[in-house]
Asker: 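Pasting a structure below so you can have a look.
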Amino acid sequence: IKGQPGKKYDLFGYEVNADTTPFQGKIKKCDFYDDAGDVIVEMNLLNTPPDLVTYNALLERILNAKSKSSSGPIQGEDRFCAMMDVLEEMDHRYNIKPNAESWGYVLKVLVNSGDFRLGWATIRAMEMSGITPPADLVAANTANAEKAKANGSDFPAHLRKAAPEGFDTKAWGL
């Protein structure tokens, strides 16, 4: 199948719609982050692959939108895991590399949740990707770690008993 100049076609010769702007608007209007994910599904059904801006809009909604449950998070619901699923789809399905904005949403959700261990891992992943993590989020993650150390929750209690005397938990990212 011959395509027309300036148009994109998928593997099977179907025309691909590259106009993601209306979908970005739909995502930004979603009150619940599950609904924002449904917009990505709709895009795929309409042969409109998401781009980096669209994925970043989705990550922003995962960070800031409400959960569908009125009684709080549903058991097993995890914004970080949802974001990692998005980053995996970006990279493996569409070969779109997450940028500083993408990773910033991930780090912010970890800082907000107080998970300084995954925060450190995310900071390192950003640096390994050539992205400088935002200084305010690095400082907030460090503050979360210091708070945990001050109240004795910086190292899992069940492992504390097994760790040798003088074991440097921070050196191991624990």
Side-chain angles (χ1 to χ4, degrees), residues 24 27-40 50-174:
Q24 292 164 16
I27 289 170
K28 291 175 183 178
K29 291 178 184 174
C30 290
D31 290 328
F32 305 105
Y33 75 81
D34 289 2
D35 294 341
D38 290 344
V39 175
I40 299 294
D51 58 9
L52 180 62
V53 175
T54 307
Y55 277 121
N56 282 342
L58 175 59
L59 291 167
E60 185 279 329
R61 289 288 69 206
I62 294 171
L63 174 67
N64 294 314
K66 298 178 275 190
S67 170
K68 275 201 170 184
S69 172
S70 60
S71 61
I74 299 167
Q75 185 177 357
E77 181 178 70
D78 188 316
R79 291 174 191 265
F80 172 72
C81 288
M83 288 182 168
M84 294 311 293
D85 285 345
V86 171
L87 295 186
E88 181 180 29
E89 180 176 318
M90 289 168 67
D91 190 24
H92 295 293
R93 186 170 184 184
Y94 292 109
N95 201 28
I96 298 172
K97 299 296 178 201
N99 65 4
E101 181 181 352
S102 312
W103 281 109
Y105 293 126
V106 174
L107 185 54
K108 188 157 189 158
V109 84
L110 293 169
V111 166
N112 290 350
S113 72
D115 193 336
F116 62 91
R117 290 179 194 87
L118 280 175
W120 283 331
T122 300
I123 289 166
R124 185 68 185 122
M126 292 172 78
E127 292 168 343
M128 289 174 59
S129 297
I131 297 169
T132 303
D136 61 325
L137 293 177
V138 172
N141 192 65
T142 301
N144 284 342
E146 290 169 357
K147 181 180 172 186
K149 186 173 184 173
N151 70 23
S153 64
D154 60 324
F155 194 72
H158 64 282
L159 293 179
R160 188 177 302 281
K161 296 174 191 169
E165 181 103 11
F167 181 73
D168 184 4
T169 58
K170 186 169 183 177
W172 288 92
L174 304 171

Asker: Please find the pair of heavy atoms, one from Phe80 and one from Val106, that lie closest to each other, and give the distance.
Answerer: CE1-CG1, 3.7 Å
Asker: Atom CD of Glu60 and atom SG of Cys30: how far apart are they, to the nearest 0.5 Å?
Answerer: 10.5 Å
Asker: Which distance, rounded to the nearest 0.5 Å, do you find between the CD1 of Ile123 and the CG of Leu118?
Answerer: 11.0 Å
Asker: What closest approach, in Å, do Gly119 and Leu110 show between heavy atoms, and which atom pair accounts for it?
Answerer: N-CD1, 3.8 Å
Asker: After noting the C-alpha distance and the side-chain angles of Ser102 and Leu52, does the key distance pass the side chain to side chain contact (heavy atoms under 4.5 Å, CB included) rule?
Answerer: CA-CA 9 Å; Ser102 312; Leu52 180 62; 3.8 Å; yes
Asker: Contact between Met126 and Pro134 at the side-chain level, heavy atoms closer than 4.5 Å - yes or no?
Answerer: yes
Asker: What is the minimum heavy-atom distance between Ala65 and Phe32, and which atoms define it?
Answerer: CB-C, 3.9 Å
Asker: CG of Asp85 to CD1 of Ile62: how many Å apart, nearest 0.5 Å?
Answerer: 8.5 Å
Asker: Going through the checks in order, is the side chain to side chain contact (heavy atoms under 4.5 Å, CB included) test met by Leu59 and Leu87?
Answerer: CA-CA 9 Å; Leu59 291 167; Leu87 295 186; 4.0 Å; yes
Asker: For a 4.5 angstrom cut-off between non-hydrogen side-chain atoms, does Ile40 reach Ile27?
Answerer: yes
Asker: Which residue is it: Glu89, Gln24, Glu101? I am looking for the one with a side-chain hydrogen bond (donor to acceptor under 3.5 Å, both in side chains) to Tyr55.
Answerer: Glu89
Asker: Taking the side chain as everything from C-beta on, heavy atoms only, tell me whether Lys108 gets closer than 4.5 Å to Leu137.
Answerer: yes
Asker: Side chain to side chain contact (heavy atoms under 4.5 Å, CB included) between Glu127 and Thr132: does it pass, once the steps are laid out?
Answerer: CA-CA 6 Å; Glu127 292 168 343; Thr132 303; over 6 Å; no
Asker: Search all heavy atoms of Trp120 against all heavy atoms of Asn141 and return the closest pair with its distance.
Answerer: CD1-ND2, 3.1 Å
Asker: Considering all heavy atoms of both residues, which atom of Arg79 and which atom of Lys66 are nearest to each other, and what is their separation?
Answerer: NH2-C, 3.9 Å
Asker: Quick one, Asn56 and Asn99 - any side-chain contact, counting heavy atoms below 4.5 Å?
Answerer: yes
Asker: One pair to check against side chain to side chain contact (heavy atoms under 4.5 Å, CB included): Leu63 and Met83. What are the steps and the verdict?
Answerer: CA-CA 8 Å; Leu63 174 67; Met83 288 182 168; 3.6 Å; yes
Asker: I need the minimum non-hydrogen distance between Arg117 and Ser153, along with the two atoms involved.
Answerer: NH2-O, 3.7 Å
Asker: Rounded to the nearest 0.5 Å, what separates atom CG in Asp51 from atom OH in Tyr94?
Answerer: 11.0 Å
